[in-house]
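Worksheet: the structure to be examined is printed underneath.
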Amino acid sequence: MTATAPAAPAVSPADAVERQLQEQFDATIAAQHRIEPRDWMPEGYRRTLIRQIAQHAHSEIIGMQPEGDWLLAAPSLRRKAILLAKVQDEAGHGMYLYSAAETLGADRADLTDKLIEGRQKYSSIFNYPTLTYADVGVIGWLVDGAAICNQVPLCRSSYGPYARAMIRVCKEESFHQRQGYELLMTMMHGTGEQRAMVQDAVDRWWWPSLMMFGPPDTDSPNSARSMAWGIKRHSNDELRQRFVDMTVPQAEFLGVTLPDPDLSLDPATGRYRFGPIDWEELKRVISGQGPCNAERIARRRAARDDNAWVTEAATAYAEKNS
Amino acid sequence: MAHEETVYDALDLAHGGEGQWAFGTGFDDPLAGVDTTVPDGVDPADLGAYCLMLGDDALVLAQRLTEWITAAPELEEEVALANIALDLLGQARLLLARAGAAGVLGRSRELAGPTIPDEDALACFRDPDEFRCTALVAAPNGDFGRTMVRLLVATTLRLAVLTRLRASRDPVLAALAAKGAHELTYHRDYAARWVLRLGDGTAESSRRAQAGVDDVWPLLADVFSPTDVERRLAAAGVAVDPSGTRAEVTDVLTTVLRRATLRVPPWPADEAPAGRHGRHGPELVDLLSRLQGLARQHPAATW
């Protein structure tokens, strides 16, 4: 034994602990058990989850706006009540999801700031305008329908608080979807003008709904890692195909035409083939060039800034009375 | 993927074609199964007019609160304001349907197509001068401070009326009041807590809350003045004379404002009812043009 003998590669005690924690984490994921807030997790997993959950929460909150535009003008008191309850549910979904993000160390006010400053995104679908009351029904049927396809697998997400929030969110979304479809059925049994409104809304929302599943698998950089971590369960294209297969028979029953001349049933697979999606449009909307991007963020910013004095007062009052 | 299949299986059940398969979207008639016979000795026109007064107050205040949706200070407030608006909308639907059942429909029934229920004929096909709400609920929201002060005042008044109306000889009004009083207790508590926070929060919030109080107070001028309809129905044990609620209302408002370290302005002198007789300012015309526009464009439609 001499002082000059070459040392084996050093493994510090901290590295050894980290490696053991990583192994436990990997074993939990492999066994399809859940990661809970108190558990160790890799920083990348934490960051990816915060990004995904915040984006989802932002989508719920921004998603209140397109339909909220019809709250004051709903054509009957019953429809007003249904829509108000739905928009209220979306605020509730935003609250659960921001809470889930907070279990990872994020802060709701900070996430809201990031949304307003454009540093975090929300679903591009909410950058389209709602031109008639049929849009309320079509958002329920197609947009909520696509959201359900995306979100039901997340009920089995590897992160416990997110998975549990998604169970509740999905139950309410499926209710909204049925209410939207019921509105469209009622309108299709109404006047010729109402039927034309429904078809026009379907024409405008069909392709953006397909874009909700995200870019094609060949162009989805984060998907593979998220699937390995159990944060994501199915590929974008797989979920998109599932949505088309479920929706086409519903469109036929409703009596509307989906605006895709290439749409056809493949008898060999029982699945529907559909035409090419305009990915340039999705890129434009995501990059802020959609019809309503500026308006959506401006309203969220106004709600924060115009009412900052209210939040300050509530904080001051709580401190005085604590 | 059992869950997904359940969602879409439920949609397939629609093939029965009855259109009632989404919970909460049926029940077109809010008074279905309720005996709407008018009590002995009561003029149905009076009863209908009274239902319009209470119903229009609820409808117009619900519409004002709905204006806050997507613009509220916190998500918790989005949820709470929507909840209060939904409760008031529910009260309005029952009251307007009750007015319709009592035969008080006027021209609205001729303007609205036959498929449109009474509650919507009354909400969407009456002109502003046929509305019976007070200026208190029709006034614009202003900032969150003024909105909370108006909500406190309006819910304190309405709670005082509904509490007494639980003893009405008309069983429909009595049942509605029992449920409504329970809801209003929560609404008033919500508003009072915000008035406390704002009045005793920061210098800025106190200034704004006081400005809200000063703006809202003059709207109390006609809320304690009964119409002839209210006098007759109160004498018959069916309605509540609002003058009998004055002591309770002024006591509650004074207590909350003092605890909020806000100044209680002088109570305005009583004036004859204006809104209850269909005399309104331009703010109600604006509110109704939004509320009614789409329904009026499609009088033959079914929604």
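- Counting heavy-atom neighbours within 6.0 Å of K114(A) NZ, excluding the residue itself, gives a total above 12.
- Highest contact tally toward chain B, considering only I61(A), V87(A), D306(A), is held by I61(A) [criterion: heavy-atom pairs under 4.5 Å].
- Looking at heavy atoms from C-beta onward, L198(B) lies in side-chain contact with W309(A) at the 4.5 angstrom threshold.
- The choice from L291(B), T66(B), L86(B) that makes the most heavy-atom pairs within less than 4.5 Å of chain A is L86(B).
- Contacts between A302(A) and chain B at a heavy-atom distance below 4.5 Å are absent for every atom of the residue.
- Ranked by heavy-atom pairs shorter than 4.5 Å toward chain B, the options A73(A), G92(A), A109(A) are led by A73(A).
- The greatest number of non-hydrogen atom pairs below 4.5 Å with chain B, out of G68(A), A81(A), A318(A), A74(A), is found for A81(A).
- Side-chain contact between R93(B) and K80(A) is absent, with no heavy-atom pair separated by less than 4.5 Å.
- Salt bridge annotation for E312(A)-R208(B): absent, with no cationic side-chain nitrogen under 4.0 angstrom from a carboxylate oxygen.
- Both the backbone and the side chain of E76(B) have a heavy atom closer than 4.5 Å to some heavy atom of chain A.
- For a residue to count as touching a neighbouring chain, one of its non-hydrogen atoms must lie under 4.5 Å from one of that chain's; by this rule I62(A) does not touch chain B.
- If you measure heavy-atom distances from A85(B) to chain A, the contacts under 4.5 Å come from both the backbone and the side chain.
- Of all the listed residues (N83(B), T202(B), I116(B), D200(B)), the one sharing the greatest number of non-hydrogen pairs under 4.5 Å with chain A is D200(B).
- Counting heavy atoms from C-beta on, the side chains of T70(B) and R299(A) come closer than 4.5 Å.
- Using a 4.5 Å heavy-atom cutoff, the side chains of Y98(A) and L75(B) are in contact.
- Using a 4.5 Å heavy-atom threshold, the side chains of W303(B) and T186(A) count as separate.
- Side chain of Q88(A) to main chain of V79(B): a donor-acceptor pair is present (N/O by atom type, distance under 3.5 Å, no hydrogens or angles).
- In this structure, L287(B) and L72(A) have side chains that are not in contact, with every pair of non-hydrogen atoms separated by 4.5 Å or more.
- Only the side chain of M197(A) comes within less than 4.5 Å of a heavy atom in chain B; its backbone stays farther off.
- Options L183(A), V310(A), T191(A) differ in how many heavy-atom pairs under 4.5 Å they form with chain B, and the most are formed by V310(A).
- One distance of note links OH of Y317(A) with CZ of R193(B); it measures 8.5 Å at 0.5 Å rounding.
- Formation of a donor-acceptor pair under 3.5 Å by the D120(B) side chain with backbone atoms of P75(A) is not found in this model.
- A salt bridge links R108(A) to E74(B): one of the charged nitrogens lies within less than 4.0 Å of a carboxylate oxygen.
- Looking at E67(B), the atoms closer than 4.5 Å to chain A (heavy atoms on both sides) sit in the backbone and in the side chain alike.
- Side-chain N or O atoms of N307(A) include none that pairs as donor or acceptor with a backbone N or O of D143(B) at under 3.5 Å.
- Heavy-atom distances place the side chain of Q194(A), and not its backbone, under 4.5 Å from chain B.
- No more than 12 heavy atoms of other residues, nucleotides or ligands shown are found within 6.0 angstrom of CZ on R259(B).
- With a threshold of 4.5 angstrom between heavy atoms, L96(B) approaches chain A through side-chain atoms but not through N, CA, C or O.
- Atom-to-atom distance recorded for I69(B):CD1 and D69(A):CG is 12.5 Å, nearest 0.5 angstrom.
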